[in-house]
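Working notes, structure below.
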Amino acid sequence: MAAELTVPQLSAKHRPTLDQALSAIRSRAYWSPHPEHPKAYGETAPADGLAAFEALRGTRIDLGQPGTDGWTGSEKSPYGPELGVEYPHVDPDVLLPAMKAGMAAWRDAGPEARALVCIEILARISARTHEFAHAVMHTSGQAFMMAFQAGGPHAQDRGLEAVAYAYEEQTRVPGQADWSKPQGKKDPLELGKTFTAVPRGIALMIGCNTFPTWNGYPGLFASLATGNPVLVKPHPRAVLPLALTVQVAREVLVEAGFDPNLVALAVERPGEGIAKDLAVRPEIKLIDYTGSTEFGDWLETNARQAQVYTEKAGVNTVVLDSTDNYKGMLANLAFSLSLYSGQMCTTPQNLLIPRDGIATDAGHKSYDEVVADLAASVGGLLGDDARANALLGALVNPDVKTRLEAAAGLGEVALASREVTNPEFPDAVVRTPVMVKLDAAKPDPEAPFLSECFGPVSFAVAVDSTADALDLLRRTVREKGAMTVGAYTTSPDTERAVEEVCLEESAQLSLNLTGGVYVNQTSAFSDFHGSGGNPAANAALCDGAFVSNRFRVVEVRRQA
């Protein structure tokens, strides 16, 4: 297979980016090679991206994959329109052997060549960020700007971060070594040794509905950069962004002289549910999954032949003890509760507030005052429908709407949800968040705040004291997990106590956020998404542990 892209060419183009990414994961400083602003992509990029997306609608994406036995596709935008895109349906008995065929050459290329090819894939995706943004928007329900940023540059950053970690871990061991052991008066014992990073096997990446690229790229690129072929199984409601990703990856692999079947797509027919069947096949050695706890637990229990990385669900909590910036606290929390209609695995759910209230720079505020003021802050933020649509996006599926409507019956409603009309997409289901007042003093093992209620639902939970809040925090993280924890306090002792809970229970903590950084947002190369240390996720995006078990080092010794 003649290569149009040689390793020297790729090195000249992308080695500086790889070096900067390696530096960033070591320093944890801010860095990104992917612009966040839509105008950075050129004057015509917005119109070109929209046109490219519209041109995809009603078409068939033929990837030329072995084992294609039909076509399928049933995506409908949360904003209303049918996408009408068809994708290859595959026979895994044909596709999986074809995917393995290219492994040896990909393995022998080495960590640097693999990293450079992965960065070229990301660079081409980046050039099409506007097109991808519309694909993410119309499969996830994210508002356009969020789909552009989270589905574009932020997702690409996470993919590049995984490549950097993969390269770092694979190159810890030298490729070769001359070994000489002194034997006193005798000649030394001498061996020549080589060390090769050997991939595990085919990786299965099971995509999610809400963040198909952001949650999908870390596992995809971590596996590919460590030498493993990757089979991408998108969520049936969010196929298009990952199908385009696979298409780009296959094109780059061919141009670089590798087998395109190192990356392939598996799309299910309506109701087919192929993930379980694929997950337990003996060829599948790695699995990446984001989604429900139920299926994540099933994978961890049943896919015994594979190394399984899961991001599931948790009960995200904010402890309100005291603040020296009451207005800033309310504004920050209001934005966090509203962004993407709470459909983020990092959105706060439980707001733990002492029933006697909290000390603030605006005077003492009772529990009822804090709840009322926060409800007013959310209401003010979303009072204008245009701004509400830009922040909320659309509800991703009917299950979220059902949970939202049911939440109003769980307790006293402090903030009622309202329907918002989107004039551009009148069929979109847009709802503002609901906030419900609950009391932790009433013993109830089925209390709503003890489980995740995914969507625009939050619980203002009255607790006897900050100490009781920390006990409840510890319990929910230990039993249910948490992707994020937040706290507001002016007390050094309380700050340390919250930190201790999070250190012991392995939960990522944000303290006293009152500006433009929010508890439900993380920055690649610096922030860890999840910890892998509590039930919400068994892995973190990204760290060395996320990539190091995707390959093994095989040694060959030769007599010198």
- For the residue pair Glu452 and Val315, what are the closest heavy atoms and their distance? N-CG2, 3.7 Å

- Within the 6.0 Å centroid threshold, strictly below: Phe546 and Tyr165: no

- Message: Any salt bridge linking Asp361 with Lys327? Criterion: basic side-chain nitrogen under 4.0 Å from a carboxylate oxygen.
- Response: no

- So which heavy atom on Ala135 is nearest to which on Leu244, and how close? CB-CD1, 4.3 Å

- Item | Minimum heavy-atom distance Ala143-Asn389, with the two atoms named | CB-O, 3.6 Å

- Task: Taking the side chain as every heavy atom from C-beta outward, state whether Tyr367 and Leu320 have any atom pair closer than 4.5 Å.
- Result: no

- Task: Check whether more than 12 heavy atoms from other residues, nucleotides or ligands sit under 6.0 Å from atom NZ of Lys437, and answer yes or no.
- Result: yes

- Message: Please check: side-chain N/O of Thr489 versus main-chain N/O of Ser322, any donor-acceptor pairing under 3.5 Å?
- Response: no

- Query: What is the minimum heavy-atom distance between Ile284 and Gln305, and which atoms define it?
  - Reply: O-NE2, 3.1 Å

- Query: Is the shortest side-chain N to carboxylate O distance from Glu75 to Arg237 below 4.0 Å?
  - Reply: no

- Message: For Ala238, is there any backbone N or O sitting under 3.5 Å from a side-chain donor or acceptor partner on Thr139?
- Response: no

- Task: Check the pair Cys453 / Gln349 against side-chain contact (heavy atoms from CB on, under 4.5 Å), numbers first and verdict last.
- Result: CA-CA 8 Å; Cys453 186; Gln349 173 181 297; 3.9 Å; yes

- Task: Quick one: do Tyr518 and Phe335 satisfy ring-ring contact (aromatic ring centres under 6.0 Å, His included)? Show the steps, please.
- Result: CA-CA 8 Å; Tyr518 304 94; Phe335 188 91; 4.2 Å; yes

- Message: Can you confirm whether Val434 sits close enough to Val413 that some side-chain heavy atom of one is under 4.5 Å from a side-chain heavy atom of the other?
- Response: yes

- Query: Taking NZ, NE, NH1 and NH2 as the nitrogens, is one of them in Glu300 or Lys312 under 4.0 Å from a carboxylate oxygen of the other?
  - Reply: yes

- Validation row: Val519, Thr346 side chains within 4.5 angstrom (heavy atoms): no

- Do Met329 and Ile358 pass the side-chain contact (heavy atoms from CB on, under 4.5 Å) test, and can you show the C-alpha distance, the side-chain angles, and the key distance before you say yes or no? CA-CA 12 Å; Met329 180 189 78; Ile358 67 174; 4.2 Å; yes

- Query: Which residues pass the ring-ring contact (aromatic ring centres under 6.0 Å, His included) test with His134, sequence neighbours left out?
  - Reply: Phe53, Phe144

- Is the backbone of Met146 close enough, under 3.5 Å, to the side chain of Gln149 for a donor and an acceptor to pair up by distance? no

- Looking just at side-chain N and O atoms, do Thr402 and Asp399 make a donor-acceptor pair shorter than 3.5 Å? no

- Message: Please report the interatomic distance CG(Leu541) to CG(Asn215), rounded to the nearest 0.5 Å.
- Response: 7.0 Å

- Message: Whether Arg418 and Asp385 form a salt bridge (side-chain N of Lys/Arg under 4.0 Å from carboxylate O of Asp/Glu) is what I want to check.
- Response: yes

- Item | Salt-bridge present (Arg550, Glu169; N to O < 4.0 Å) | no

- Task: Show your reasoning for whether side-chain contact (heavy atoms from CB on, under 4.5 Å) applies to Leu286 and Leu204.
- Result: CA-CA 6 Å; Leu286 297 162; Leu204 175 66; over 6 Å; no

- Query: Mind checking whether Val547 and Cys542 have side chains closer than 4.5 Å, heavy atoms only?
  - Reply: no

- Measure the CG-OG1 distance between Leu337 and Thr432 for me, rounded to the nearest 0.5 Å. 11.5 Å

- Query: Excluding sequence neighbours, so at least two apart, what forms side chain to side chain contact (heavy atoms under 4.5 Å, CB included) with Arg304?
  - Reply: none

- Task: Please step through side-chain contact (heavy atoms from CB on, under 4.5 Å) for the pair Gln142 and Val136, ending with a clear verdict.
- Result: CA-CA 7 Å; Gln142 295 175 32; Val136 170; 3.9 Å; yes

- Counting N and O atoms only, with roles assigned by atom type, does the side chain of Asp157 sit under 3.5 Å from a partner on the main chain of Ser523, one being a donor and the other an acceptor? no

- Message: For a quick test of reading the model, state the closest non-hydrogen atom pair linking Ser338 to Leu392 and the distance between them.
- Response: O-CD2, 3.3 Å

- CG of Leu511 to OH of Tyr488, rounded to nearest 0.5 Å, is 9.5 Å

- Under 3.5 Å, is there a donor-acceptor pair between the side chain of Thr290 and the main chain of Cys208? no

- Message: Please report the interatomic distance OG1(Thr245) to CG(Leu265), rounded to the nearest 0.5 Å.
- Response: 9.5 Å

- Message: With a 3.5 Å distance limit and no angle check, can you tell me whether Asn228 reaches the backbone of Ser223 through a side-chain donor-acceptor pair?
- Response: yes

- Rounded distance (nearest 0.5 Å) linking atom CE of Met344 with atom CG of Asn520: 4.5 Å

- Message: Tell me which one of Phe295, Tyr309, Trp298 satisfies ring pair (Phe, Tyr, Trp, His ring centres under 6.0 Å) with Tyr289.
- Response: Phe295

- Do the side chains of Leu395 and Pro456 get nearer than 4.5 Å, heavy atoms only? yes

- Query: Does Glu495 reach the main-chain N or O of Ser491 with its side chain, forming a donor-acceptor pair under 3.5 Å?
  - Reply: no

- Message: By the definition side-chain hydrogen bond (donor to acceptor under 3.5 Å, both in side chains), identify the one residue from Glu161, Glu311, Gln508 that meets it with His529.
- Response: Glu311

- Item | Min side-chain heavy-atom separation Glu412-Val436 under 4.5 Å | no

- Item | Flag side-chain contact, heavy atom, 4.5 Å: Arg387 against Leu382 | no

- Are side-chain heavy atoms of Pro35 and His37 found at a separation under 4.5 Å? no

- List the steps, then state whether side-chain hydrogen bond (donor to acceptor under 3.5 Å, both in side chains) holds for Asn549 with Gln307. CA-CA 8 Å; Asn549 216 14; Gln307 181 73 28; 3.0 Å; yes

- Message: Is it true that Asn534 and Glu505 share a donor-acceptor pair across their side chains at a distance under 3.5 Å?
- Response: no

- Can the ring centres of His154 and Tyr217 be said to be less than 6.0 Å apart? no

- Message: Keeping Tyr79 on the side-chain end and Glu424 on the backbone end, is there a donor-acceptor pair under 3.5 Å?
- Response: no

- Query: Under 4.0 Å between a Lys/Arg side-chain N and an Asp/Glu carboxylate O for Arg478 and Glu504?
  - Reply: no

- Donor-acceptor pair between Thr466 and Asp321 side chains, under 3.5 angstrom: yes

- Message: Working to the nearest 0.5 angstrom, can you tell me the gap between Leu450 CG and Asn350 CG?
- Response: 8.0 Å

- Message: Main chain of Val430, side chain of Glu419: is a donor-acceptor contact present, judged purely on distance under 3.5 Å?
- Response: no

- Task: Just jot down the side chain to side chain contact (heavy atoms under 4.5 Å, CB included) partners of Thr72, sequence neighbours excluded, or say none.
- Result: His89, Val267, Arg269, Pro270

- Message: Any donor-acceptor pair under 3.5 Å linking the side-chain atoms of Thr490 with those of Asp324?
- Response: no

- Task: May I ask you to decide if Pro448's main-chain N or O and Ser451's side chain share a donor-acceptor pair within less than 3.5 Å?
- Result: no

- Do Arg158 and Phe221 meet the cation-pi criteria used here (NZ or CZ under 6.0 Å from the six-membered ring centre, within 45° of the axis)? no

- Note: Gly314 and Ala536 closest approach over all heavy atoms is CA-CB, 4.1 Å

